[in-house]
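In what follows, a structure is listed as structure tokens, so that the remarks can point back to it.
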Amino acid sequence: MSGEVHNHGELVVVATPIGNLGDFSPRAAASLQAVDVVCCEDTRHTGQLLARLGLRATRLLSVHAHNERERVAEVLERLGRGEKVALVSDAGTPALSDPGELLISAAIAAGHKVTTVPGPSAAVSALVVAGLGTARWRFEGFLPRKGPERAKRLAEIAAASHPSVIYESPQRVTSTLQDLAQHCGGDRKVAVCRELTKLFEETWRGTLAEACEHLAGSAPRGEHVLVVAAATVGQSPAPSEDEVQSEVARRMGAGASRRQAAAEVAAEFGVSKRFAYESSLSRHGQ
Ligand code: SAM
């Protein structure tokens, strides 16, 4: 018991399917029908979901990344009047790389009851099918797109002693795998989970170097989660870009073509061919 005092209102955090309507629980349906208002990212999307599930249209209030702060006061007022409010996102569990965190903390701070109807989340679904250990794990969500923040997070993933779960868009999944290979070393294991619970669900398992090869030249489609294995004790650190460049240059000096040298160094150092090739191009005077 926390000893918290509860005002009248109740905020119910409700998970919705990540691609398969069959995963919508009966309790989630009952809960969305019982509340006074449903806070959702996109009223059209949630309206359609309710209609496809054959549920009566409920009052919907948009709470998305760009208005969550302003909506908090309005929702707190409703909770203060004793209303029951549900929170859903477009898919999966609200507040996990989705809006909701602010609203949940504000409701708690104001003394309202916060409960959940748990259900799908891409992170947990990917973790359990990855086969890279589940006892302890790290949720990374979306990585920063560039700059020192991205490099810092990649370095943390490289050093982590538990598997890391990363959300990624199809447009960026290949470059993120290349960056991961560069930081973690190409021999680190990864699971690339795609379109979980949907018709074309697929989980590809291998090393980061193999994943880069696997996706090379293709345009990945659909929603992706990457699960990167933990760093194993005694694992050799990823080679620096400088080491890769020097080794490609050395082999080219001995007569290999750049392509051939990059392929050999990639295999030996466990980095992607593309990384070895492009690094060699950026070396001074090459
Ligand atoms: N809160 C959601 C959850 O609990 O799953 C995640 C929301 S986040 C905005 C969306 C990201 O989740 C996608 O870019 C993708 O990385 C991942 N995702 C969502 N559905 C997925 C699916 N069916 N298969 C694989 N990844 C999925």
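Order of listing sets the numbers, starting from 1, for every ligand and every atom in it. Computed from a prediction, not measured in an experiment: that's the story for all the values here.
Residues satisfying the side-chain hydrogen bond (donor to acceptor under 3.5 Å, both in side chains) criterion with Q171, sequence neighbours excluded, are S169.
A distance-only check finds a donor-acceptor pair linking the side chain of E195 to the backbone of E223 [under 3.5 Å].
Note: L208 CG to H183 NE2 = 12.0 Å, rounded to the nearest 0.5 Å.
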Would you please test E241 and S279 for side-chain hydrogen bond (donor to acceptor under 3.5 Å, both in side chains) and show each step? CA-CA 7 Å; E241 186 163 13; S279 302; 3.3 Å; yes
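Between the side chains of S62 and R44, no donor-acceptor pair of N or O atoms lies under 3.5 Å.
When side chains are defined from C-beta on, K152 does not count as touching P144, because their heavy atoms never get closer than 4.5 Å.
Protein residues having at least one heavy atom under 4.0 Å from any atom of ligand 1 are I18, A91, G92, T93, L96, S97, D98, S121, A122, F142, Y167, E168, E195, L196, K198, E223, H224, V225, listed by chain and number.
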